[in-house]
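One structure below.
We count ligands from 1, going down the list as the structure has it; atoms in each ligand are counted the same way.
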Amino acid sequence: MLVQPFEAPIGADVLDVRIAEISDSEFDELYQAWLRFGVLRFRDQKLSDDELKTFSARFGELEYAPHGKVTAEELAKIPNPYVATISNIVENGKPIGGLSNLETSWHTDMSYIEQPPTASLLYAIEVPQHGGETAFCCMRTVLAEMPDELRARCTKLQIKHDAAHDSIGKLRRGHQPFDTAKDAPGVYHPALIAHPETKEPALYLGRRQYAYVKDCSIDESEQTLEEIWAHVARTHQCWTQRWKTGDLVVWDNRVVMHRRASFPNTERRLMRRTQVRATEKPRAAIAA
Ligand code: OGA
Ligand code: MN
């Protein structure tokens, strides 16, 4: 097994490994590389849903895929509740998965729950020839490059992460539209977090739309969020994954945000995603 860092602020390729057959000591090495590089890519894998689940569960207990607001009864009827299908393919008039062919906004997976997943794993079964790349943004570096004054303000902020909309702005199952970000359902998290394992601080954002800064007017909240997101755009600390069939990417949701580019709807894209349950809430970074 060889870990080869990308020429980017984040990410590494892991070469010479069949992840369906990985040993415990190899996994330990890989886990350390994942903490260090934030995103790992494995090429040329051949994984069934069960193999993807088994490998994902080595990072921790699995979290349910995002199903919107569902009752326990409805959840019990979902055939594979831990594995999300991300696809633009339509069968019998029904999309077989989420996120269609559109560009997604920058986001952290499921940051609208109290204990958002630690890891997400995305596996490519079919990929388009054009577009559909996934960019990852290093939130450690984004924070390190933040002007002191903005960083000092962020240290005190709690941001609400909207639960109602997915990354293409579509309402999730069981959710109703609302007027302003203040009314969005969701939970607050600190804007600056410390990684529970590496202790490194990072900026923590979910989706920009319907985000809301606690104890502010909507105007103040929007102004602060614009400033923060302008800084993210300015620093642009990214690595972009150009998918090939058989690629598996695992990222640390506490360290990166990600965004998917659009692709022509005349092409097919089929991915499976799993996510690993956190055992604690994001913790605020101690003021610098
Ligand atoms: C996701 C996601 C991006 C992609 O599954 O969480 O953001 O490239 N997917 O499909
Ligand atoms: Mn995502």
Next item on the list: Please say whether the positively charged group of Lys214, taken as NZ for Lys or CZ for Arg, lies over the ring of Tyr188, i.e. under 6.0 angstrom from the six-membered ring centre and within 45 degrees of the axis.
Entry: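 Here Lys214 passes the 6.0 Å and 45° test against Tyr188.
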
Notebook entry, point to check: Quick one: is the NZ or CZ of Arg277 closer than 6.0 Å to the six-membered ring centre of Phe59, and within 45° of its axis?
Noted result: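 No, cation not above the ring by the 6.0 Å, 45° rule.
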
Per-atom contacts, ligand 1 versus [X] - under 4.0 Å to a heavy atom:
X      : result
Arg260 : 3 (C), 4 (C), 8 (O), 10 (O)
Ile86  : 5 (O), 10 (O)
His258 : 2 (C), 6 (O), 7 (O)

Next item on the list: Indicate, as side chain, backbone, both or neither, the part of Leu122 found under 4.0 angstrom from ligand 1 when only non-hydrogen atoms are considered.
Entry: side chain

Next item on the list: Report the part of Arg269 in contact with ligand 1, treating N, CA, C, O as backbone and CB onward as side chain, heavy atoms under 4.0 Å; options are side chain, backbone, both, neither.
Entry: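 Side chain only.
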
Check: Which one of Tyr204, Tyr212, Tyr210, Tyr112 satisfies the ring pair (Phe, Tyr, Trp, His ring centres under 6.0 Å) criterion with His161?
Finding: Tyr204

Next item on the list: Answer whether the closest heavy-atom distance between the side chains of Pro282 and Pro116 falls below 4.5 Å.
Entry: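 Result yes, sub-4.5 Å side-chain heavy-atom pair found.
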
Check: Do the side chains of Arg269 and Glu126 get nearer than 4.5 Å, heavy atoms only?
Finding: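 SC-SC contact between Glu126 and Arg269 ruled out.
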
Next item on the list: Say whether Asp109, considering both its backbone and side-chain N or O atoms, lies within less than 3.5 Å of an N or O atom on ligand 1.
Entry: yes

Note to self: Give me the nearest non-hydrogen protein atom to atom 8 (O) of ligand 1 as residue plus atom name, then the distance to 0.1 Å.
What the structure shows: Thr134 OG1, 2.6 Å

Next item on the list: Can you pull out the closest protein heavy atom to atom 5 (O) of ligand 1? Residue, atom name and distance to 0.1 Å, please.
Entry: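 I find the closest protein heavy atom is Arg273 CD, 3.1 Å.
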
Notebook entry, point to check: Does His107 come within less than 4.0 angstrom of ligand 1, counting non-hydrogen atoms of the residue?
Noted result: yes

Item checked: Ring center gap for His258 and Trp251 short of 6.0 angstrom -> yes

Next item on the list: Could you tell me the angle subtended at the Mn ion (ligand 2) by NE2 of His258 and OD1 of Asp109, rounded to 10°?
Entry: 100°

Check: In terms of hydrophobic clustering (I, L, V, M, F, W, Y; side-chain heavy atoms under 4.5 Å; direct or indirect links), are Val3 and Val255 co-clustered?
Finding: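 No, because Val3 and Val255 fall into different hydrophobic clusters, even though each may have its own neighbours under 4.5 Å.
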
